Amino acid sequence: MEQHASNRWFVLAVLFTARVTMAFQFQAVAALSPVYMTAFGVELSDIGFLIGLYLAPGLVFALPGGAIGHRFGDRRVIAFGMVLMLIGAGIMLAAQSWEGQIVGRLIAGIGGVLLNVLMTKVVTDHFAGREIATAMGVFINSWPVGIAAALLILPVMTSAGGLTMALAAIVAATACGLLLFVFGSRGNAAEAPGATASQRLSGVRLVATIIAGGIWGLYNGALTMVFGFGPAMLVERGWSLAAASSTTSVTLWLVAVSVPLGGFLADRLGHRDIVMLAGFLAFGALLLIAPVTGNVYLVFLLLGLCAGLPAGPIMALPSVVLEAGTRATGMGIFFTLFYAGVVFAPVIAGHLADQTGTASTAFYLGTALLAVCIVMLFVFRVLLVQSRRRGETIC
């Protein structure tokens, strides 16, 4: 038993580190957006499209992702996904055209979706019923860590060796992540214990799951406004790319702290909704202030401390309505809506930024998305209360 516990924490460490490389690759376009615009003669709307394109395959592969892993094996499919990420990174390094960047980004994104969905499943398999909240908190934090690392490292590498050196660094990081996963997960990947037969998800449970997934998608869409358009917004205000990216990276490092803090506070206080609402309101207000404030460092610091608070409680929403037999389908729906949010939000933000002539518009869009999250959370709770009054058992 002790050996198994040790193995599962080691597996979590391997998955965390490998997923950091995915976030590092995802963030590359946003971190280097001014350089991309100059090198390829594109606009912010094109940058927004390329940012969202990485996660677009999730609209297709998130729902059947668990079945794909079950058919071919989680470890094999994750490794295959990382190979696709490596191929995509290589194409982007070699491509001299914007079309080549699109092709490479899409291939890498297909691999990234397989990695993201199945790694989440593997963490659940290892920790179900045993410190799952802690494990998920650690796992989720691989995303802001990778994004912050990209914001910190890639602009510096661009200054030293141009866009080519930065793209080469992404290839190297992805290769290292693949090797770590292949050798680190060998002999440690456990099968899910006692799989439960699939049941149909319908009625209140289906609607509530859709609402929960919508909240997760819109919330993450709001987050992409910060790390997707934060550097461009600060560059517009006269900052250097390196200074703008490093300042934005501080926000992401602090998000890595506030995510587990939000989960701890929700469990400690026993009021998940209060933590979510406080996080939504503070996050939304700071997004409104950031483009006009003279104290940029303080606002971006507060963004990091507040933006991550709702993440843990949001991730707990599906557990309120999903039983063991509906969890696979339900989480597929949940993640599909997540991908819809992170794919379309940057594209819409990029178009709005072009129309208004400023990247600050993306921050205002983020506030609007968080306002919708508040409304959806209210509908989620009303739906459950009405269901209980009808005598239906939900949780």
Side-chain angles (χ1 to χ4, degrees), residues 1-26 54-55 57-58 60-90 107-132 134-143 145-146 170-198 315 324 327-329 331-332 334-336 338-339:
M1 180 66 70
E2 291 182 1
Q3 180 64 32
H4 174 68
S6 175
N7 282 350
R8 62 194 177 98
W9 285 106
F10 177 77
V11 169
L12 178 61
V14 170
L15 296 177
F16 175 94
T17 307
R19 190 168 180 261
V20 164
T21 66
M22 176 191 171
F24 189 82
Q25 184 180 65
F26 166 75
Y54 189 86
L55 298 176
V60 176
F61 290 103
L63 193 57
I68 294 173
H70 179 74
R71 173 66 177 83
F72 297 101
D74 294 337
R75 184 172 177 270
R76 289 179 181 176
V77 177
I78 291 171
F80 176 69
M82 297 197 75
V83 169
L84 290 179
M85 286 169 55
L86 183 59
I87 293 172
I107 292 173
I110 293 172
V113 170
L114 293 174
L115 178 149
N116 203 25
V117 173
L118 290 175
M119 278 191 174
T120 304
K121 176 185 177 297
V122 170
V123 173
T124 304
D125 289 344
H126 281 78
F127 288 89
R130 299 165 298 171
E131 303 155 309
I132 182 65
T134 301
M136 281 297 182
V138 172
F139 180 68
I140 290 172
N141 270 347
S142 60
W143 192 252
V145 167
I170 298 167
V171 172
T174 306
C176 289
L178 173 61
L179 292 174
L180 173 66
F181 175 77
V182 169
F183 292 103
S185 63
R186 180 180 296 172
N188 287 302
E191 295 297 325
T196 304
S198 176
M315 285 293 286
R327 201 166 293 146
T329 302
M331 292 309 294
F334 184 82
F335 274 108
T336 298
F338 157 75
Y339 281 112

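FYI, the numbering just counts along the sequence from 1. On a predicted model such as this, the values are computed, not experimentally measured, just so you know.
- Phe26 pairs by the ring pair (Phe, Tyr, Trp, His ring centres under 6.0 Å) definition with Tyr54, Trp143, not counting sequence neighbours.
- Atom CG of Leu118 sits about 11.0 Å away from atom CG of Leu15, to the nearest 0.5 Å.
- With sequence neighbours left out, the side chain to side chain donor-acceptor pair (under 3.5 Å) criterion links Ser142 to Arg19.
- Proximity of Val171 to Leu86: side-chain heavy atoms (C-beta onward) are separated by under 4.5 Å at one or more points.
- The two residues Tyr339 and Val113 come nearest to each other via the heavy atoms OH-CA, 3.9 Å.
- Two residues are said to be in side-chain contact when any heavy atoms from C-beta on lie closer than 4.5 Å; Leu114 and Met82 fail this criterion.
- Expressed to the nearest 0.5 Å, how far CG of Leu115 lies from CG of Asp74 amounts to 11.5 Å.
- Taking 4.5 Å as the limit, some side-chain heavy atom of Asn141 sits within range of a side-chain heavy atom of Phe16.
- Distance CG/Asn116 to CD1/Ile78: 10.0 Å, rounded to 0.5 Å.
- A donor-acceptor pair is defined here as one N or O able to donate and one able to accept, closer than 3.5 Å; such a pair exists between the side chain of Gln25 and the backbone of Met85.
- Rounding to the nearest 0.5 angstrom, the gap separating the CG atom in Leu63 from the CZ atom in Phe334 is 14.0 Å.
- Among all heavy-atom pairs drawn from Gly109 and Pro57, the shortest one is C-CG, 3.8 Å.
- The OG1 atom of Thr21 sits 8.5 Å away from the CG atom of Leu180 when rounded to the nearest 0.5 Å.
- The two atoms that bring Gly184 and Phe10 nearest to each other are O-CE2, 3.0 Å, heavy atoms only.
- When all heavy atoms are compared, the tightest approach of Ala89 to Ile170 is CB-CG2, 4.2 Å.
- Taking 4.5 Å as the limit, every side-chain heavy atom of Phe24 sits out of range of all side-chain heavy atoms of Val145.
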